[in-house]
Number of protein chains: 2
Amino acid sequence: MDTITIKDIARALNLSTSTVSRALRGSYEINPETKRLVMEYAERLNYRPNPIALSLKGSSSRAIGVIVPQIANYYFSQAINGIEAIAYNRGYHVIIFQTHESYEREVANVQQAVARKVDGLLISLSSETSDVSHLKELQQKNLPLVLFDRVSDELDVTQVVADNFGGAFAATEHLLQAGRRRIAHLTIPPWISITQERLAGYRAALEKYGVPFDENLVRYGTFGPDEAGQMVDELMALDPRPDAFFTASDRLALGCLAALRQRKVAIPDEVSLIGFTNLHVADLLSPSLSTVVQPAQEIGQLAAERLIELIERKHRAAPVGTVKVPTELVVRESSRATSVTPVP
Amino acid sequence: MDTITIKDIARALNLSTSTVSRALRGSYEINPETKRLVMEYAERLNYRPNPIALSLKGSSSRAIGVIVPQIANYYFSQAINGIEAIAYNRGYHVIIFQTHESYEREVANVQQAVARKVDGLLISLSSETSDVSHLKELQQKNLPLVLFDRVSDELDVTQVVADNFGGAFAATEHLLQAGRRRIAHLTIPPWISITQERLAGYRAALEKYGVPFDENLVRYGTFGPDEAGQMVDELMALDPRPDAFFTASDRLALGCLAALRQRKVAIPDEVSLIGFTNLHVADLLSPSLSTVVQPAQEIGQLAAERLIELIERKHRAAPVGTVKVPTELVVRESSRATSVTPVP
DNA sequence: TTGTACGCGTTATCAC
DNA sequence: GTGATAACGCGTACAA
């Protein structure tokens, strides 16, 4: 006999299960003496209510589901870290699902999460996802939902994202101010929300400095392995060739860096390189690489906070809106960061 | 009315819930006609059994718990990736818990996992954990348990680890063969299982080449931020100073690299550097850094496979033993890997 | 103030 | 071959 139930307590104290249940929940109409007795006994036997039974009963499961494209990815693992931190000290557990960038698996994961009676869902869309009807169903079920990072305009839900426009603008502007004019942009699939925002920031900065936008300088990857090498090859074959690279992910920054080194292109003398990465990866990369730092952990934290708010105020008006988390431009000219500019 | 239950089907088809249940499970003693009817109806309404109810009923919850020190860590996020992949196509879900290297949280997480009726538990011990009685309790409850990476000798359970001894031996031998004799070892807390194994490999290689072991050259970190800097300072102040560094983690390798660069120590001309890292991080680090690659994903996969075996054969003899996953030594002399030596 | 009875979704057991 | 019933652990209307 190991896991102890309310029934055990009732039997031991010669009470009914309902009395014990009420005492444990600190109900009003209950004899303080009985209450004390029950509490003490429960404490002593280290009683824990069975969360499964609670979920079945229909009340909250104290668990939130998190659906991300991949865990083995610095951005998402940091975001999950932030989520878990908030969830933990609010008494929630985190059940994690990976879509592996597959729409089908995303749908399956949503269903599973619902079946497991999560109290709410935190989702970052797979790159394959364009149809969001599986998420609209969630809203109809009145299940709290918050999107983060990879979001969708078609959904009227709370969304938490980095200031991708601002970050891209700041990065591009920095390159322009350094005298660069042929700035290549290596990015991820165009239909993902953040791609558009970054592209917009990039274009806005070009416009501000009167540099015409050249479609040939923009390349879209697909999360495949070693795409950057080919992109760099193609771009360096252009005439005139690029004098700067602005990349949209860790992977592309890394691939670009490696490709340029392999081709013996001097950084930053011949071409400048600046990437949208997170701080840790930026640290690992070359000291000559400036970065726009993605606030992954903060995004996770904010998303979790918003979700838990929604869960706990489920019956009041649901606050809907987009939360933009500022990004930071870290400029590294030599072996250490020379300036840190928060993007307003 | 959204989620449909066995009861709904029974009502609609004028059957009893038990009949429907049996039909769904494909029981022998059942009218094929009825069975077909039920199946079709269930299919049409997209019926899914409620996993919560199943868990409460006492059978399997089709969920496995994973307890790791940290998610935002390449090693563990890759391991989790491997775990999730296996679990997913075996029909299990993964519930993740972080200990943040705290013994207290580890115990709490184990309790929570048990309360959530996971079918099995995959654990990598926190650095604070020395008492493993909370895990011994699990064994008494007959709950399948597999340890990975950070394991404990005091437990008679299946364990999956990298060949830390072999990796450390190969790394040290490589440095020795390159003529290094004062090899510093920057490592993690001594009471963690893998630390001892690596230290043993390091010492064994020294012995083989007749180089005396010098305790002063070994430094233990505590997962704190920027520890490597101070370690490098202290070590470089020694006389004679080290001519090589062998580090036990990504973080230490990175910190060491940064510290050496900052002190303008030429790598690998003045000192060699070799680290215990995973492939991705190794890629990010300097091209002159050789590494012992940790097979994080494979370890996760193997651990998950072993655990699921245990779960599904729960009533037969439990296979206990330690699985050692080979490590690889990747030697980088110039800008790319020049040789890859699997450690036997 | 406390006890009885029921229901959440499912399966196992026993009866028919 | 099928149906009624109990049970898993808990909370709560209703009764006392």
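Since this is a predicted model, take the numbers as computed values, not measurements. Below, chains carry the letters A, B, ... as their sequence lines are ordered, and counting in each starts from 1.
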State plainly whether the residues A/Glu305 and A/Arg90 are in salt-bridge range, i.e. N to O under 4.0 Å.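 Salt bridge: no.
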
Output yes when A/Arg105 and B/Glu84 qualify as a salt bridge under the 4.0 Å nitrogen-oxygen rule, no when they do not.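 A salt bridge is present here (some side-chain N lies under 4.0 Å from a carboxylate O).
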
Polar-atom pairs under 3.5 Å, protein N or O versus N or O of nucleotides 4-8 of chain C: list them with distances, or write none.
{"unit_1": "C/dT4", "atom_1": "O4", "unit_2": "A/Ser18", "atom_2": "OG", "d": "3.1"}
{"unit_1": "C/dG7", "atom_1": "N2", "unit_2": "A/Lys57", "atom_2": "NZ", "d": "3.2"}
{"unit_1": "C/dC8", "atom_1": "OP2", "unit_2": "B/Lys7", "atom_2": "NZ", "d": "2.9"}

Non-hydrogen side-chain atoms of A/Leu138 and A/Leu135 separated by less than 4.5 Å: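 SC-SC contact between A/Leu138 and A/Leu135 confirmed.
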
Spacing between [X] atom [atom1] and [N] atom [atom2], to the nearest angstrom:
X: B/Leu54; N: C/dT10; atom1: CG; atom2: C1'; value: 6 Å
X: B/Arg48; N: C/dT10; atom1: CZ; atom2: C1'; value: 16 Å
X: B/Lys117; N: D/dC10; atom1: NZ; atom2: C1'; value: 13 Å
X: B/Leu24; N: D/dT2; atom1: CG; atom2: C1'; value: 15 Å
X: A/Leu15; N: C/dG3; atom1: CG; atom2: C1'; value: 10 Å
X: A/Asp8; N: D/dC8; atom1: CG; atom2: P; value: 10 Å

Pair B/Glu40-B/Arg44, salt bridge (Lys or Arg N to Asp or Glu O under 4.0 Å): steps then yes or no: CA-CA 6 Å; B/Glu40 273 179 11; B/Arg44 202 156 57 74; over 6 Å; no

Looking at every strand, decide which applies to A/Ile52 at a 4.0 Å heavy-atom threshold: base, sugar-phosphate, or nothing.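 The residue A/Ile52 makes no contact with any strand.
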
Would you sort out whether B/Val110 and B/Ile123 count as a side chain to side chain contact (heavy atoms under 4.5 Å, CB included), showing the intermediate values? CA-CA 9 Å; B/Val110 168; B/Ile123 305 188; 4.2 Å; yes

Step by step, work out the side chain to side chain contact (heavy atoms under 4.5 Å, CB included) result for B/Leu121 and B/Ile64. CA-CA 6 Å; B/Leu121 220 32; B/Ile64 62 182; over 6 Å; no

Nucleic acid contacts - residues 35-44 of chain A versus DNA chain D, non-hydrogen atoms under 4.0 Å: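 Contacts with DNA chain D under 4.0 Å: none.
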
Verify side chain to side chain donor-acceptor pair (under 3.5 Å) between B/Ser102 and B/Thr99, making sure each step is shown before the conclusion. CA-CA 5 Å; B/Ser102 147; B/Thr99 62; over 6 Å; no

Please evaluate residues B/Asp149 and B/Tyr75 with respect to the criterion side chain to side chain donor-acceptor pair (under 3.5 Å), reporting the C-alpha separation (whole Å), side-chain torsions for both, the decisive distance (0.1 Å), and the verdict. CA-CA 10 Å; B/Asp149 191 54; B/Tyr75 182 82; 3.1 Å; yes

Candidate pair A/Arg150 and A/Glu101, rule salt bridge (Lys or Arg N to Asp or Glu O under 4.0 Å), full reasoning: CA-CA 11 Å; A/Arg150 309 259 202 93; A/Glu101 306 286 2; 3.0 Å; yes

Rounded (10°) bend between the five-pair end axes of the helix from C/dT1-D/dA16 to C/dC16-D/dG1: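 The angle, to the nearest 10 degrees, is 60°.
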
Take B/Arg306 and B/Glu309 through the side chain to side chain contact (heavy atoms under 4.5 Å, CB included) test and state the conclusion after the steps. CA-CA 5 Å; B/Arg306 286 284 183 287; B/Glu309 261 173 41; 4.1 Å; yes

Along DNA chain C (nearest heavy atom to each residue), the more 5'-positioned of A/Thr34 and B/Ile6: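 The residue mapped nearer the 5' terminus is A/Thr34.
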
Can you list the steps and then say if B/Gln111 with A/Asn46 is a side chain to side chain contact (heavy atoms under 4.5 Å, CB included)? CA-CA 11 Å; B/Gln111 286 176 349; A/Asn46 196 27; 3.7 Å; yes

Under 4.0 Å between a side-chain N or O of B/Tyr47 and OP1 or OP2 of C/dT10?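 Answer is yes, contact under 4.0 Å.
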
